[in-house]
2 protein chains.
Amino acid sequence: MSAAVAPVDGGTGIEKQRLRIWLRLLKISRQMEAEIRERLRVEFATTLPRFDVLAALYRETDGLKMTELSSALMVSNGNVTGIVERLVSDGLVVRIPVSGDRRAMIVQLTPAGRKDFAHMAKTHEGWVASLLKTLSDEDANTLVHLLDNVHIRGALHK
Amino acid sequence: MSAAVAPVDGGTGIEKQRLRIWLRLLKISRQMEAEIRERLRVEFATTLPRFDVLAALYRETDGLKMTELSSALMVSNGNVTGIVERLVSDGLVVRIPVSGDRRAMIVQLTPAGRKDFAHMAKTHEGWVASLLKTLSDEDANTLVHLLDNVHIRGALHK
DNA sequence: TCTAAAAATTTTAAGCTTGAAATATATTGC
DNA sequence: GCAATATATTTCAAGCTTAAAATTTTTAGA
């Protein structure tokens, strides 16, 4: 995560305003994440990365290859390896060899993983709604449209 | 970080809308963070946590105690210990005993740390503006006001 | 075919992060 | 003054995260 702090130096007004948006965005994300992380820990004895992997697999009944999983979650390959390992030893997911490509593995939820996640997801949705309770329906509408129009222009897109 | 994924189950329309806001917010934060992290690594051979610590200290000429630092950054105490250790060995910050309280330590930028950070901060502000370039000035204005009105209602606030 | 390049994944080393336990010091109440 | 409590910080164990290197298998090209 990045500097949740006030602007530091000079610069144009536009730059300062964009910086303010970023810092505010970051602060909100951090607060919500911290809260959700804590609740997952206390109520379900799990972590956010595990939850994220289960969420991605939940909507893909046929499972996902390791690489598909890591790109869906926007994290590195090696990262997924470790998380999936732990989920396997908890009995929530399985790794299945891909017929025709001995390099690849498909990761799938087990019935237990599916059941566990369905319960957590329901609760999680309530948490999010509750954390954003102070936002009026009207503002929420405006916000969702504005956010849909933000497209990060990373280095790769030149 | 949390589930950057589409909604999973049933629920009220309001809940779904709030969930959508959260997922969108999270996706944007992650993309921007990843981009900034990468640029800090490539251009300045540093990391986001280090940058954050330097930023917090930059605006506090008198320095901050470890606890003040960790609460400013919203991270754990133990976390700050490690980052500061590494910054000390890089010569960017110093730890000064607090006269009158032998438990506490003040952390301060060194002249080198101050100079390094000033340079990075300037560049960083440009990155942020550039990453949010697709946002019109008008939308940016609306967004900044909306975000200022979001107040996360965590468990601690009942 | 055979070899070079590409692809899928794991391993590794380093650093980040947390909550809980441990240490050391300070403050409060009796 | 002394005991209990609170505060400031570090240490610890476990897990998360990344980039880079290594491994294994597949694909493409001469």
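The chains referred to below are lettered A, B, ... by the order of the sequence lines, with proteins before strands, and numbering in each begins at 1.
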Q: Give a yes/no on whether any side-chain N or O of N79(B) is located under 4.0 angstrom from OP1 or OP2 of dT18(C).
A: yes

Q) How many Å lie between CD1 on I36(A) and C1' on dC16(D), as a whole number? A) 18 Å

Q) Quick one: which of dT10(C), dG19(C), dC16(D) gets closest to the side chain of R50(A)? A) dC16(D)

Q) Counting just side-chain N and O atoms, does T47(A) come under 4.0 Å of either OP1 or OP2 of dC16(D)? A) yes

Q) When the distance from CD of E68(A) to C1' of dT9(C) is rounded to whole Å, what number comes out? A) 13 Å

Q) Are R86(A) and dC16(D) close enough that a side-chain N or O sits under 4.0 Å from OP1 or OP2? A) yes

Q.
Nearest to the side chain of E85(B), heavy atoms from C-beta on, is which of dA8(C), dC16(D), dT11(D)?
A. dT11(D)

Q) R41(A) side chain N/O closer than 4.0 Å to the phosphate oxygens (OP1, OP2) of dA20(C)? A) yes

Q.
Checking side chain to side chain contact (heavy atoms under 4.5 Å, CB included) between M66(A) and each of N77(A), I106(A), T81(A), which is the one that passes?
A. T81(A)

Q | Pair R18(A)-D137(B), salt bridge (Lys or Arg N to Asp or Glu O under 4.0 Å): steps then yes or no | A | CA-CA 9 Å; R18(A) 298 299 195 278; D137(B) 284 5; 2.9 Å; yes

**Q.** Centroid-centroid under 6.0 Å between F51(B) and F117(B) rings
**A.** yes

Q: Please state how far atom CG in L64(A) lies from atom C1' in dT9(C), giving the value in whole angstrom units.
A: 15 Å

Q. Base, sugar-phosphate, or nothing: which does T67(B) touch, judged by heavy atoms less than 4.0 Å apart?
A. sugar-phosphate

(Q) Using heavy-atom distances to pick each residue's nearest nucleotide on DNA chain D, tell me which of V75(A) and R102(A) is more 5'. (A) V75(A)

**Q.** Rounded distance (Å) that lies between atom P of dA14(C) and atom CD1 of I83(B)
**A.** 18 Å

Q) Is NZ or CZ of R114(A) both nearer than 6.0 Å to the six-membered ring centre of Y58(A) and within 45° of the ring axis? A) yes

Q: Let me see the working for R39(B) and E43(B) under salt bridge (Lys or Arg N to Asp or Glu O under 4.0 Å), right down to the final yes or no.
A: CA-CA 6 Å; R39(B) 295 187 188 192; E43(B) 302 208 11; over 6 Å; no

Q: Check the distance between dG15(D)'s P and D52(A)'s CG and give it to me in whole angstrom.
A: 17 Å

Q) Nearest-Å distance, CE (M74(B)) to C1' (dT18(C))? A) 15 Å

Q) Of all the nucleotides listed (dT9(D), dA20(C), dT9(C)), which has the minimum atom distance to the side chain of A104(A)? A) dT9(C)

Q: State whether S76(A) places a side-chain N or O below 4.0 Å from either non-bridging phosphate oxygen (OP1 or OP2) of dA19(D).
A: no

Q. Whole Å only: how far is the CG atom of L69(A) from the P atom of dT10(C)?
A. 11 Å

(Q) Whole angstroms only, please: what is the CZ-P distance between R39(B) and dA19(D)? (A) 15 Å

Q.
Let me spell it out: for each of N77(A) and G100(A), pick the nucleotide of DNA chain D with the closest heavy atom. Which residue's pick is nearer the 5' end?
A. N77(A)

Q.
Under 3.5 Å, is there any donor-acceptor pair linking the side chain of R103(A) to the base of dA7(C)?
A. yes

